[in-house]
Colleague: 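Got a structure for you, questions after.
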Amino acid sequence: MSVYQLKSRFQNILRPLVRSLAARGVTANQVTSVAAAVSVALGLFLSIAPLPHWFLLVPVWFLLRMGLNAIDGMLAREHGQKSILGAYLNEIGDVVSDVALYVPFALIEPNGVMPAIAVIFLSALTEFAGVLGQTVGASRRYDGPLGKSDRAVLFGALGIFIAVGGTFAAWTSWLWAMVALLLVWTMINRIRAGIREAHAAAR
């Protein structure tokens, strides 16, 4: 199971807005670029000024960013805006945005940054494994259990926890370890699913 499986319902809600944006000349690449730029700006801001109440911006922005990610995809697919540049912007922008938004949590970790940095590295590697499906004759893989949308829920919840006065302590080392295991599981699922799909397509 993954939050990603709710994507189609989310898209149905956003479709009228997407039509309006397309009519106004808004492009998928513009939406992708804005989402990445705001993510990097927010990540830098929280890294420089990690005041607890500001972390409430994390779940708010993750929700908005999920909406923007859905919008850019719908503009590309449903309004003839697919492009090679857009594909690069989408994948690179997502990874850069995730790293920027996760780093502030590593910087407030009292047990050292390495456990959280390992999670950031594995998150990027998980998306890389998903993209590699396209290079072996399969589709871009979004298998869970800890894909991009699931991580948004996780880090959004951590943002709320920090904002209401929660603090990281010894228990967060176990949290990062569990998240790392789930990311490895996600990576394995994506690789296996990509191989199965590629073999099925070759028959």
Side-chain angles (χ1 to χ4, degrees), residues 1-49 51 53-105 120 123-124 126-135 138-144 146-160 163 190:
M1 292 296 295
S2 170
V3 174
Y4 182 79
Q5 293 174 319
L6 301 175
K7 185 177 179 179
S8 60
R9 297 181 185 178
F10 196 37
Q11 289 176 334
N12 290 336
I13 295 171
L14 292 172
R15 189 159 279 110
L17 173 60
V18 173
R19 293 195 191 101
S20 176
L21 291 174
R24 293 172 182 270
V26 175
T27 69
N29 288 354
Q30 288 171 343
V31 175
T32 303
S33 299
V34 167
V38 175
S39 296
V40 170
L42 178 56
L44 286 173
F45 173 72
L46 290 175
S47 297
I48 295 169
L51 299 176
H53 60 275
W54 287 121
F55 276 80
L56 192 59
L57 293 172
V58 174
V60 173
W61 175 242
F62 266 128
L63 182 60
L64 292 174
R65 182 185 157 211
M66 287 172 68
L68 291 174
N69 285 345
I71 288 170
D72 68 7
M74 294 168 71
L75 283 170
R77 290 188 306 273
E78 300 175 9
H79 296 274
Q81 296 184 18
K82 277 189 176 182
S83 68
I84 296 174
L85 174 61
Y88 277 103
L89 286 176
N90 186 57
E91 295 295 346
I92 295 173
D94 278 346
V95 172
V96 169
S97 297
D98 282 346
V99 170
L101 293 168
Y102 299 166
V103 163
F105 293 92
I120 294 171
S123 295
T126 296
E127 295 311 308
F128 184 54
V131 172
L132 280 177
Q134 298 171 311
T135 70
S139 61
R140 203 303 189 184
R141 301 303 312 182
Y142 295 97
D143 309 84
L146 204 62
K148 180 179 66 178
S149 299
D150 308 290
R151 296 194 304 273
V153 172
L154 169 64
F155 280 91
L158 287 176
I160 294 173
R190 292 184 177 188

Colleague: Please report the closest heavy-atom contact between Arg65 and Asp98, naming both atoms and the distance.
Modeller: NH1-OD1, 2.7 Å

Colleague: Starting at CG of Leu42, measure out to CH2 of Trp54 and round the result to the nearest 0.5 Å.
Modeller: 10.0 Å

Colleague: Report yes or no: does Thr135 contribute a side-chain atom to a donor-acceptor pair with the main-chain N or O of Leu132 at less than 3.5 Å?
Modeller: yes

Colleague: Show me, pair by pair, the donor-acceptor contacts under 3.5 angstrom made by side chains of residues 81-89, not counting sequence neighbours?
Modeller:
{"unit_1": "Gln81", "atom_1": "OE1", "unit_2": "Ala28", "atom_2": "N", "d": "2.6"}
{"unit_1": "Gln81", "atom_1": "NE2", "unit_2": "Val26", "atom_2": "O", "d": "3.4"}
{"unit_1": "Ser83", "atom_1": "OG", "unit_2": "Gly86", "atom_2": "N", "d": "2.9"}

Colleague: Enter the distance from Leu14:CG to Met66:CE here, rounded to the nearest 0.5 Å.
Modeller: 10.5 Å

Colleague: Taking the inter-plane angle between the rings of Phe155 and Phe105 on a 0 to 90° scale, is it parallel (under 30°), tilted (30 to 60°) or perpendicular (over 60°)?
Modeller: perpendicular

Colleague: Minimum heavy-atom separation for Leu46 to Phe55, with atom names?
Modeller: CD2-N, 4.2 Å

Colleague: Under a 3.5 Å distance rule, please check whether Glu78 uses its side chain to pair with a backbone N or O of Leu75 as donor and acceptor.
Modeller: no

Colleague: Take atom CZ of Phe45 as the centre, draw a 6.0 Å sphere, and report whether it contains more than 12 heavy atoms from other residues, nucleotides or ligands.
Modeller: yes

Colleague: Sequence neighbours left out, what passes salt bridge (Lys or Arg N to Asp or Glu O under 4.0 Å) with Arg19? Give chain and number order.
Modeller: none

Colleague: Write down the atom of Gln30, the atom of Gly25, and the distance for their closest heavy-atom approach.
Modeller: OE1-O, 4.1 Å

Colleague: Do the rings of Tyr102 and Phe62 sit parallel, tilted or perpendicular, given the 30° and 60° boundaries?
Modeller: tilted

Colleague: If you round to the nearest 0.5 Å, how far is CD1 of Ile92 from OG1 of Thr32?
Modeller: 11.5 Å

Colleague: Nearest 0.5 Å please: distance from the CG atom of Asn29 over to the CG atom of Asn90.
Modeller: 9.0 Å

Colleague: Checking salt bridge (charged side-chain N to carboxylate O under 4.0 Å, His left out) against Glu127, which of Arg151, Arg141, Lys148 comes through?
Modeller: Arg151

Colleague: Under the rule for salt bridge (Lys or Arg N to Asp or Glu O under 4.0 Å), what residues qualify as partners of Asp72, not counting sequence neighbours?
Modeller: none

Colleague: For Pro59 and Ile160, which heavy atoms make the closest approach, and how far apart are they?
Modeller: CG-CG1, 3.5 Å

Colleague: Do the non-hydrogen side-chain atoms of Leu146 and Thr126 ever get within less than 4.5 Å of each other?
Modeller: no

Colleague: Using modelled atom types and a 3.5 Å cut-off, is there a donor and acceptor pairing between side-chain atoms of Asp150 and backbone atoms of Gly147?
Modeller: yes

Colleague: Tell me the closest heavy-atom pair linking Val131 and Glu91, and the distance in Å.
Modeller: CG2-OE1, 3.2 Å

Colleague: What heavy-atom pair brings Ala36 and Ser97 nearest, and what distance separates the two atoms?
Modeller: CA-OG, 3.3 Å

Colleague: Mind checking the CG-CG spacing from Leu64 to Asn69? Nearest 0.5 Å is all I need.
Modeller: 11.0 Å

Colleague: Rounded to the nearest 0.5 Å, how far apart are CD of Gln134 and OG of Ser139?
Modeller: 7.5 Å

Colleague: Kindly indicate whether the side chain of Ser39, heavy atoms from C-beta on, has any atom under 4.5 Å from the side chain of Leu101.
Modeller: yes

Colleague: Is the charged tip of Arg140 near the ring of Tyr142: under 6.0 Å from the six-membered ring centre and within 45° of its axis?
Modeller: yes

